[in-house]
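Remarks on the structure that follows.
Protein chains get the first letters and strands the later ones, always in sequence-line order, with residue 1 at the start of each. No experiment lies behind these values; they were computed from the predicted model shown.
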There are 2 protein chains.
Amino acid sequence: MVKKPENTKQKILLLGEKLLKEKGINAFSYHDISSSLGVKNAAVHYHFGSKEDLLLAIIEENRKRFEQMIQQMGTAGHMEVWNGLQEFINIYISSIENNRQICLFGSLGSDFFTIGPKGQTSLKLLSEKILAWLSEILTEGRKRGEFEFKGHARIKAMMLCSALAGGLQLARISEKKDFYNLVDQIKSDLKPS
Amino acid sequence: MVKKPENTKQKILLLGEKLLKEKGINAFSYHDISSSLGVKNAAVHYHFGSKEDLLLAIIEENRKRFEQMIQQMGTAGHMEVWNGLQEFINIYISSIENNRQICLFGSLGSDFFTIGPKGQTSLKLLSEKILAWLSEILTEGRKRGEFEFKGHARIKAMMLCSALAGGLQLARISEKKDFYNLVDQIKSDLKPS
DNA sequence: AAATATACTTACTTATCAGTAAGTAAACAA
DNA sequence: TTGTTTACTTACTGATAAGTAAGTATATTT
């Protein structure tokens, strides 16, 4: 009678991530997940005991995905820096094309004071990884004369992340097209004159 | 600067705005407001029948404050453009210094799909006003040779707003200091070389 | 074959949420 | 003086939230 599990845990994780990036951690419930997947509320609690557990798993999933991406691209020294940057930007493009989702940092930055210390720490570690990687690419690109910008690469990296994260949110309020214009502006600002 | 509230209605409005910018519209309740102000839940409902009404009033309050600010500064043609820009940035500085609040667009951009159409429309109108004003300043500044940037002023304006909004969120995850570095980077990027 | 582990469901609890109806005390207007 | 409006309180509703204890069918291990 009871059907075989397909991979309910993974389905919950992915749907949780989707809801997190569409509505925010405080605007979806376990019931939203269970009803959408055709299981019962307790099934979600079986796989992720608390909402904090689910959140931690979502952050971890995003970390894995990012690590995998940069591993496939190789080190900055052996990379086409413009390709590397574009790959990074493509994460945000995928977000906006996927039901106008925003990024993890935009969503959890807004709700930062409503999540537990574990989530905060985990998020911070991920942001450091991303900023370190972006800084490397920016540094290498500037060394090669393919990027041009003032100041420290790390701060420029933070600016790119902030602009992309904020851009996804502003594009919800205005138009999707605005985000593509923003991306072009970001790239244009980085081009040597 | 935000005035000190005299009556209950104004207190509710200001506390609602504070909670919105600290925790997001879905993470505070009327009870949070009433208990904090020492009144009963129904008193909040008396002044703002629904949470949507409160949200609309908060957006309207921010609109008024912005209109007042730009009125005091006068038109772009008669303004020190760097002063004008700094005044605008000061709104964000006040936010981060005030319990690490984020801006209205960061908060409601994240929760955009959980607020009603009235809130969405109202927010859109305000964002258009702000972008129009910023565009004017950027255009005037570039004409005078005090700002330097590529492309359309409107898109650059959107980039500034996105970077500032996203920067407030990222600074929660990393450090307050990072936001000040970001502001310096933004200004440095605008300076003629 | 028996024991155990996995992946759930049923049925429930406790807490909190937005919102409302009815009452009240004080200020104000006719 | 009387009636009305303002600014609430008391007391409640129905919905929904996260979370849990106990049961069940199936799969895996011994």
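- In this structure, a donor-acceptor pair under 3.5 Å is absent between the side chains of Glu17(A) and Gln101(A).
- Under the 30°/60° scheme for interplanar angles, the aromatic rings of Phe66(A) and Trp133(A) are found to stand perpendicular.
- Atom pair Leu54(B):CG and dG19(C):C1' shows a separation of 14 Å (rounding to whole Å applied).
- Atom C1' of nucleotide dT9(D) and atom NE2 of His47(B) are separated by 12 Å, given to the nearest angstrom.
- At its two ends the helix from dA1(C)-dT30(D) to dA30(C)-dT1(D) runs along axes set 0° apart, each axis drawn from five pairs and the angle rounded to 10°.
- A donor and an acceptor atom, one from each side chain of Glu87(A) and Asn83(A), are nowhere located under 3.5 Å apart.
- Look at CD1 on Ile12(B): it is 13 Å from P on dA18(C), rounded to the nearest Å.
- Distance CD1 (Ile33(A)) to C1' (dG19(D)): 14 Å, rounded to an integer number of Å.
- If you measure from atom NZ of Lys40(B) to atom P of dT6(D), you get 24 Å, rounded to the nearest angstrom.
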N/O contacts under 3.5 Å, protein versus nucleotides 16-18 of chain D?
from, atom 1, to, atom 2, distance (Å)
dA17(D), OP1, Ser29(A), OG, 3.2
dA18(D), OP1, Lys51(A), NZ, 3.3
dA18(D), OP2, Tyr30(A), N, 3.0

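- Going from atom NZ of Lys9(A) over to atom P of dA7(C) covers 8 Å, rounded to whole Å.
- For Asp53(B) and dA18(C), the CG to P distance is 13 Å, given to the nearest whole Å.
- Applying the 6.0 Å contact sphere to NZ of Lys191(B) captures more than 12 heavy atoms from other residues, nucleotides or ligands.
- Under the 3.5 Å distance criterion, with hydrogens and angles disregarded, a donor-acceptor pair is assigned to the side chains of Glu148(A) and Ser193(A).
- Closest heavy-atom contact between Ser162(A) and Leu182(B): OG-CD1, 3.8 Å.
- In this structure, Tyr46(B) places its OH atom 17 Å from P of dA22(C), rounding to the nearest Å.
- Inspection of the Lys156(B) and Asn181(A) side chains reveals no N or O donor paired with an N or O acceptor under 3.5 Å.
- Side-chain contact between Phe113(A) and Arg100(B): present, with at least one pair of heavy atoms (C-beta onward) separated by less than 4.5 Å.
- For the residue pair Ser174(B)/Asp178(B), the side-chain donor-acceptor check at 3.5 Å is satisfied.
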